[in-house]
Amino acid sequence: MAVEKEQLQEESKQKNNEKKGIAKSTLVKVKNRYKDVDDYIETYEPLIFEEAKSQIIKQKEEEEVTDWKLGVVKSWSEADDFHFIEFPCEINEGESISQNDLLLLSKDKFVDDKRLPTAYAFALVEHVRKFFDTRLVRVRLYLAGEFLKYNTDDVKSCSRLFNMRSHVCETERQLYFMKLCSLSTIAREYLAIRTLGCLPYKDLILSAAGEDIGPEVEGWKIPTPLKEYVENTFNEFQREAITAGLSSKAFVLIQGPPGTGKTQTILGILSTILHATPTRVHSKTYELRQGPQLPTEEKRRHWGLASPWLSSVNPRDSLMPKDGDDGFYPTTGNELKPEAVTSSRKYRVRVLVCAPSNSALDEIVLRVLSGGVHDENDRVYCPKIVRIGLKAHHSIKAVSLDELMKQKRSGANKSSTNKQSTAGSNDDSIRAAILDEATIVFSTLSFSGSHVFSKLNRGFDVVIIDEAAQAVEPATLVPLANQCKKVFLVGDPAQLPATVISDIAKNHGYGTSLFERLMEAGYPVKMLKTQYRMHPEIRSFPSREFYGDSLQDGDEVKSRTIRAWHDYRCFGPFCFFDIHEGKEARPSGSGSWINIEEVDFVLFLYQKLISLYPALKSGNQVAIISPYSQQVKLFQKRFEEIFGTSAEQVVDICTVDGCQGREKDIAIFSCVRASKDKGIGFVEDIRRMNVGITRAKSAVLVVGSASTLRRSEQWNKLVESAEKRDCLFKVSQPYSSFFSDDSLASMQTKLAEPSQVSGPTDTVDNDVQPNNAGTFDDQAQAEDNDDGDVDMNDAGFDED
Ligand SMILES: Nc1ncnc2c1ncn2[C@@H]1O[C@H](COP(=O)(O)OP(=O)(O)OP(=O)(O)O)[C@@H](O)[C@H]1O
């Protein structure tokens with residue numbers, strides 16, 4: 001990797017020399033197809049820089065920067081127009097400085113924005129190493145002048161840089177520094193677009209060309225028992241996706257609309273690719289070497305002859321309980337034994353599974369840990385897996401690299417007498433051993449470009465990227481540099497895309513994922529069409545509007561999602577409450593919006609639901625969702641005032657962007673925008689609507705201003721759909737009257753007959769009651785105490 005980096009630097013230098021005099025300052029839009037690698041880099045490079053700039057500014061605005069620290073220059077050098085300096089740095093608890101952090105270095109502290117010091121510069125951390133009791137930080141600075149435009153050699157001399165140069169080029173000089181932000185993710189993405197030219201399937205990425213995958217191009221075969229498992233367990237669309245994975249295609253795209261079993265399909269893919277053999281191996285010589293495949297009866301006869309103590313009937317068959325738990329391979333609890341590899345296994349595929357965020361990643365790790373994968377003989381086992389990176393969820397800590405290292409270290413320490421002197425190199429070899437043994441490695445996209453990966457002895461044969469439509473294209477390229485031959489992109493471009501901070505980059509299409517671009521260009525996509533989450537009444541609108549009416553319901557979805565509250569028309573499965581007196585407002589200094597009337601109504605709605613169906617008070621079965629983070633904060637505050645309990649203990653209150661991938665029994669969606677003539681901002685994004693209305697299993701209750709929302713074509717369709725289905729409710733103040741006994745009785749769908757329901761209906765201990773401190777008639781005022789707010793994806797940027 002280090003060699004690659006040097007090569008790339010050299011390449012880029014050469015190119016810049018060739019281009020001398022050609023100043024390329026204009027940004028170009030992301031296209032569906034690219035002529036060549038240069039065309040690709042010329043498109044993405046300036047967009048990455050734009051995004052980096054916005055990220056730096058955002059961090060500064062959010063005041064996530066640390067305090068000034070004092071350092072003393074220990075050494076300095078100069079190479080390739082850059083200056084390098086090293087200085088010791090004390091790192092206190094809760095602080096960190098690591099590779100790719102952006103620092104501000106200055107001769108004096110900044111006192112205010114108007115009188116800037118005379119010597120200061122930005123610096124990028126090259127590396128940090130131990131130095132006695134502190135750390136030694138090495139940074140890179142460019143002090144030759146300021147670039148006037150992107151991609152130009154036009155450098156203007158600059159006195160602050162000139163002064164800085166004379167200041168730092170002497171040891172023992174004091175300097176102040178502060179960490180501004182980490183540029184790790186963006187640096188890895190930059191390196192990834194620069195390595196595109198080295199990827200074996202670069203032409204596919206550039207041209208976005210691919211034919212549909214038929215069985216004739218099957219590149220891998222799976223043993224019969226595993227094949228039977230796939231046939232019996234997965235629906236036809238999932239099977240197609242899994243079979244496409246066994247083809248010789250380098251890229252397989254799988255679109256998974258909400259609740260269609262994306263994760264389930266990924267588990268199926270893992271089982272098959274880990275136990276598949278290349279088709280070419282199933283040649284005549286192989287068959288001869290292996291002997292012919294015998295029919296089952298014949299096999300039994302052979303076993304009988306070879307093992308006369310076995311009766312012709314396997315005794316375990318007669319004991320097998322109905323749920324398939326035979327006591328040897330129980331299907332519940334901690335049944336997952338480690339894999340036993342037999343001598344017939346000739347191939348050991350190594351898989352890297354990635355996702356854009358830690359939470360999405362841990363979801364799959366957990367599913368592999370709890371569900372396991374199936375081997376050649378359809379036995380479930382737990383493969384050797386390692387979760388690399390930061391912020392691993394506590395439930396999967398056992399397989400995190402840090403935890404596995406701890407275990408190995410303590411094992412090694414017990415058997416070692418010379419611990420201290422070799423600790424560092426030991427760690428490296430322990431890490432390498434753990435990763436080499438792992439069959440599946442899990443990492444976020446960004447972390448897959450970290451130094452841990454560059455030190456691996458072996459790359460990965462297959463990369464699976466989940467939530468691939470939620471990542472910008474350069475982020476998707478990061479794990480592909482790990483020598484993989486086959487790539488699965490699993491995601492849904494009809495749901496929310498990646499968060500892009502720079503408006504300029506966004507307007508130039510930087511938010512387009514590789515998945516979306518390939519799909520737009522006509523690359524074949526396997527779509528999962530059977531959904532197992534939503535009541536059909538919830539499924540119908542998004543299916544028609546976002547998936548060409550192609551979604552169908554899995555067996556028994558309807559009966560599994562019928563609930564007692566469906567006895568009232570106002571509690572689902574699908575409702576739109578027109579809060580026509582609501583008014584949008586913008587807390588001062590904020591880019592976000594609130595709507596107090598909607599908050600009031602939703603609290604009445606929630607209160608009514610839990611008083612009629614107390615079981616809803618436990619287990620976070622209800623979500624209150626809003627596109628705007630200020631509205632989310634207002635909900636949390638009011639909830640606490642009224643119920644006297646922290647909202648998060650009983651209900652999930654989150655932004656739409658933060659709830660993608662989650663599933664709840666009931667979702668209440670507060671749209672916020674309500675005005676006489678204004679637009680509806682980013683609520684108009686149909687992908688945001690799609691996510692908001694597809695989280696619920698049994699009831700999606702949309703709360704908004706119908707007249708405002710109708711200004712958007714898609715929202716107009718949603719309101720019309722509610723109207724047609726007789727589930728549009730115009731609600732006037734006081735909202736309590738909407739839920740009066742008479743009013744509820746008029747909305748009853750059945751007459752007092754007990755419901756045939758599968759969900760929770762009983763009372764529970766965890767009581768939530770309005771307390772005396774607040775009443776529903778309180779009109780909570782929005783607080784102006786927050787800083788500027790841009791409603792970003794809650795997942796945010798996840799690592800180092
Ligand atoms: N073939 C199937 N037969 C029956 N149930 C299935 C099948 N595939 C998936 N499911 C069920 O559907 C539900 C959703 O599956 P899964 O979590 O894999 O979906 P997903 O597409 O990853 O969800 P999300 O939209 O939240 O990302 C799970 O309860 C799962 O057990």
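Indexing begins at 1, ligand by ligand and atom by atom, following the structure's order. Note that the coordinates shown come from a computational prediction; the quantities given were computed from them, not determined experimentally. We use all heavy atoms of the structure for the numbers below, so side chains are in, but hydrogens, waters and symmetry mates are not.
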Can you tell which of Gly261, Gly259, Gly371 gets a heavy atom nearest to atom 15 (O) of ligand 1?
Gly261
Could you check whether any heavy atom of Glu363 sits closer than 4.0 Å to an atom of ligand 1, since that is the contact criterion I want to use?
no
Among residues at least two apart in sequence or on other chains, which ones pass salt bridge (Lys or Arg N to Asp or Glu O under 4.0 Å) with Glu228?
none
Does Thr263 reach ligand 1 with a nitrogen or oxygen that is under 3.5 Å from one of the ligand's nitrogen or oxygen atoms?
yes
Is Arg239 close enough and on-axis enough to Phe234, meaning under 6.0 Å and within 45°, for cation-pi?
no
Name the closest protein heavy atom to atom 10 (N) of ligand 1, giving the residue it belongs to and the distance to 0.1 Å.
Tyr532 CD1, 3.6 Å
Quick look: Thr233 vs ligand 1, heavy-atom contacts under 4.0 Å, and the answer is backbone
Can Gly554 be said to touch ligand 1, with heavy atoms closer than 4.0 Å?
no
When you measure from the centre of the six-membered ring of Phe574, is the NZ or CZ of Arg539 closer than 6.0 Å and no more than 45° off the axis?
no
Specify whether the nearest protein heavy atom to atom 12 (O) of ligand 1 is under 4.0 angstrom away.
yes
Between the side chains of Arg387 and Ser400, does any donor sit under 3.5 Å from an acceptor?
no
For atom 30 (C) of ligand 1, what's the nearest protein heavy-atom neighbour? Residue, atom name and distance, please.
Gln264 OE1, 4.3 Å
Just by distance, with hydrogens left out, do Gln495 and Asp492 show a side-chain donor and acceptor under 3.5 Å apart?
yes
Does a side chain donor of either Gln264 or Gln238 reach within less than 3.5 Å of an acceptor in the other side chain?
no
Results of ring-ring contact (aromatic ring centres under 6.0 Å, His included) for Tyr201 - residues two or more places apart only:
Phe251
Tell me which protein heavy atom sits closest to atom 1 (N) of ligand 1, plus the residue, atom name and distance to 0.1 Å.
Gln238 OE1, 2.8 Å
Is_contact(atom 28 (C) of ligand 1), protein non-hydrogen, under 4.0 Å:
no
Would you please indicate if the ring centroids of His374 and His275 are separated by under 6.0 Å?
no
Is the number of heavy atoms from other residues, nucleotides or ligands within 6.0 Å of CG (Asn232) greater than 12?
yes
Considering non-hydrogen atoms of the protein only, which is the closest contact for atom 17 (O) of ligand 1, and what is the distance?
Arg367 NH1, 3.0 Å
From Glu663, Arg533, Lys262 - option closest to atom 23 (O) of ligand 1 by heavy atom
Arg533
Can you sort out which atoms of ligand 1 are near Pro258, meaning under 4.0 Å from one of its heavy atoms?
25 (O)
